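Written below as structure tokens is the structure these notes are about.
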Protein chains: 2
Amino acid sequence: MCSYKLLPGGTRQVVDVQIPGDFLGLRSVLFRTAGHNIEPISRVQASEVQVRDLLEAFQTAPRLAATLLWAASRDEAMVVEHLVGIGRRDAKQRMAHFLLELGARLKLVRLASNDGYNCQLTQYLLADALGLSAVHVNRVLRELREDGLVTFQQGKVTFGDFDGMVAFSEFDRQYLDHDGPLMTGPGGSPSAVQVLTAMTGP
Amino acid sequence: MCSYKLLPGGTRQVVDVQIPGDFLGLRSVLFRTAGHNIEPISRVQASEVQVRDLLEAFQTAPRLAATLLWAASRDEAMVVEHLVGIGRRDAKQRMAHFLLELGARLKLVRLASNDGYNCQLTQYLLADALGLSAVHVNRVLRELREDGLVTFQQGKVTFGDFDGMVAFSEFDRQYLDHDGPLMTGPGGSPSAVQVLTAMTGP
DNA sequence: CGGATAGTTGACTTGCGTCAATCCGCGTGG
DNA sequence: CCACGCGGATTGACGCAAGTCAACTATCCG
């Protein structure tokens, strides 16, 4: 799925993309932002979680709370990286970086390897995610293909030269691989439940 | 102050700007991102807070935890808005939106009114924040001045036509004014302390 | 078969970057 | 006191990356 914001004028900006296993809507629980929507891309299987139930779950499984907070934190780090990319990378590098990052995330849930992965994103959606026009997305993908770096056709992303991609896009191999440098403590104590309670009322 | 990321190649992207009263470094507590730095802009008065002390403070002042979490959430919302602006607004609108948003935040701590505010940001810094070149920042500021919308000279931002600015930049008056739609519950129960403990170890 | 939706490509336009020159205020040191 | 250097602001000329418009193809589906 993807979450995006619509602007008056009809354009939209995709903020981030959700993949299988992701927890959706963490951001909007605490701070509802206007004009923010989510949309399915491929067939989705999802479970709705009531805040109430989530709080209970935190009681019985304290580490869940910590994990979820960490996920929220990681999501924000990705938004920041996204921001940097749009602000300071050109279209080609931006695309390469995006495809690598998506691959890295899919790899964590065994839906990608260094060879490539399946990906149903349309070029229009890529355009809205990367702040480009659909036409230019197409051109950039062709260039990357001609350079032998990646191929993105028929719903498949195939890396031709993975290391070349990493080098070209200046991708930081670290930033999604680890489990969080501060997650190493003993942990296990309760829990985010009180915080959420304080925010939302019992 | 401002927090930014440096890219190989010498360019940088300013992610957000801190104003008096802001809590700094919430993001990096949980998830350290590479190449992320902060830098003072004007003379800064700051207190360093040890995570340890923060946790204790949460014990005695539970609402502090909730407030801080809300602040973190608001910061993320601003980053998202920033992302949208860079991705889908042209330079002029982006600048107008940025100046309004900064004004709205400063108003909350009584450092701005609808007339304007003091602002020591250089055009180079604006450029790095908005994903533009310094030269173009200058051009855009001149255009906005000639349109009678804002003047930004000698460290002073002066709104010539506040409503015009809001309309032109499609600024959402809501999104920083309220105290958070979900902050309305009774609240007051403890606290973020356990969460942070779980993340960092005791 | 027609009508969506997505991808592809070419021709043209434009917003913004780059380079370069100038100007201004300020501090520093001779 | 003036010369100098420096960081910031300003402006013009020029080039390029990316947007826009438009045509054409491919594929799927009713």
Side-chain angles (χ1 to χ4, degrees), chain A residues 2 7 9-14 39-43 84-99 118-147 150-158 168-169, chain B residues 2 7 9-14 39-43 84-99 118-147 150-158 168-169:
Chain A
C2 70
L7 290 103
T11 63
R12 70 170 183 174
Q13 175 64 48
V14 171
E39 189 182 272
I41 293 165
S42 60
R43 190 147 288 282
V84 172
I86 290 187
R88 286 299 178 206
R89 284 194 257 260
D90 67 14
K92 204 169 163 185
Q93 218 183 357
R94 219 180 293 174
M95 175 67 75
H97 194 279
F98 178 86
L99 293 177
N118 289 328
C119 179
Q120 297 307 321
L121 304 184
T122 70
Q123 296 187 350
Y124 292 89
L125 202 139
L126 284 174
D128 285 337
L130 300 176
L132 300 170
S133 69
V135 174
H136 202 60
V137 163
N138 188 300
R139 285 194 278 249
V140 166
L141 283 176
R142 175 158 51 82
E143 286 179 43
L144 287 171
R145 195 182 331 128
E146 287 168 356
D147 292 350
V150 247
T151 304
F152 187 171
Q153 273 168 335
Q154 278 101 352
K156 279 189 179 54
V157 174
T158 314
F168 172 72
S169 66
Chain B
C2 69
L7 289 103
T11 63
R12 71 169 182 174
Q13 175 64 47
V14 171
E39 190 181 271
I41 294 166
S42 59
R43 190 147 286 282
V84 172
I86 291 187
R88 286 299 180 207
R89 285 194 255 260
D90 67 14
K92 203 168 163 184
Q93 217 183 357
R94 219 180 292 173
M95 176 67 74
H97 194 279
F98 179 86
L99 293 177
N118 289 329
C119 179
Q120 296 307 320
L121 304 183
T122 70
Q123 295 187 352
Y124 292 88
L125 202 140
L126 283 174
D128 286 336
L130 300 177
L132 300 170
S133 70
V135 175
H136 202 61
V137 163
N138 189 299
R139 285 195 279 250
V140 166
L141 283 176
R142 176 159 51 81
E143 287 179 41
L144 288 171
R145 197 182 329 128
E146 288 169 354
D147 293 350
V150 247
T151 304
F152 188 169
Q153 272 168 335
Q154 279 96 310
K156 279 189 180 54
V157 174
T158 314
F168 172 72
S169 67

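To find a chain, count down the sequence lines: A is the first, B the second, and so on, and within it residues start at 1. Computed from a prediction, not measured in an experiment: that's the story for all the values here.
- If you take CD of B:Q120 and P of D:dG7, they are 18 Å apart, rounded to a whole angstrom.
- Rounded to whole Å, atom P of D:dA18 lies 10 Å from atom NZ of A:K92.
- When all heavy atoms of B:A96 and B:L144 are compared, the pair lying nearest together is N-CD1, 4.3 Å.
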Can you list the steps and then say if B:E146 with B:R142 is a salt bridge (Lys or Arg N to Asp or Glu O under 4.0 Å)? CA-CA 6 Å; B:E146 288 169 354; B:R142 176 159 51 81; 3.7 Å; yes
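- Across all strands, A:T122 comes closer than 4.0 Å only to sugar-phosphate atoms, never to a base (heavy-atom distances).
- Distance B:Y124 OH to C:dG17 P: 14 Å, rounded to the nearest Å.
- Comparing atom distances between the A:L132 side chain and each of C:dC19, D:dG19, C:dA6 picks out D:dG19 as nearest.
- Distance B:R94 CZ to C:dG17 C1': 13 Å, rounded to the nearest Å.
- In this structure, of C:dA6, C:dG17, D:dT10, it is D:dT10 that holds the atom nearest to the side chain of B:Q153.
- B:F152 places its CZ atom 12 Å from the C1' atom of D:dA9, with the value rounded to the nearest Å.
- Nearest to the side chain of B:R142, among D:dT20, D:dA18, D:dT11, sits D:dT11.
- A donor-acceptor pair under 3.5 Å links the side-chain atoms of A:Q93 to the main chain of A:F168, judged by distance alone.
- We find that CD of A:E146 is positioned 12 Å from C1' of C:dT9, with the value rounded to whole Å.
- Comparing atom distances between the B:V135 side chain and each of C:dC19, D:dG8, C:dA6 picks out C:dC19 as nearest.
- No hydrogens or angles were tested; on distance alone, a donor-acceptor pair under 3.5 Å links the side chain of B:R139 to the base of C:dG17.
- The shortest distance between the side-chain N/O atoms of A:Q123 and the OP1/OP2 oxygens of C:dT8 is below 4.0 Å.
- Proximity of B:N138 to the phosphate of D:dT10: a side-chain N or O atom is located under 4.0 Å from OP1 or OP2.
- Whole-Å rounding puts the A:H136 NE2 to C:dT9 P distance at 14 Å.
- In this structure, the nucleotide among D:dT11, D:dT20, C:dC16 sitting nearest to the side chain of B:A91 is C:dC16.
- Among the protein residues, B:G155 comes within range of no part of the nucleic acid, since none of its heavy atoms lies under 4.0 Å from any strand.
- Panel note: side chain B:R89, backbone B:R94; no donor-acceptor pair is recorded below 3.5 Å.
- Here C:dG15 presents its P atom at 18 Å from CZ of B:R89, a figure rounded to the nearest Å.
- Side-chain nitrogen and oxygen atoms of A:Q154 include none within less than 4.0 Å of the OP1 or OP2 phosphate oxygen of C:dA6.
- Although no hydrogens or angles enter the test, the distance criterion places no donor-acceptor pair under 3.5 Å between the side chain of B:R88 and the main chain of A:Q13.
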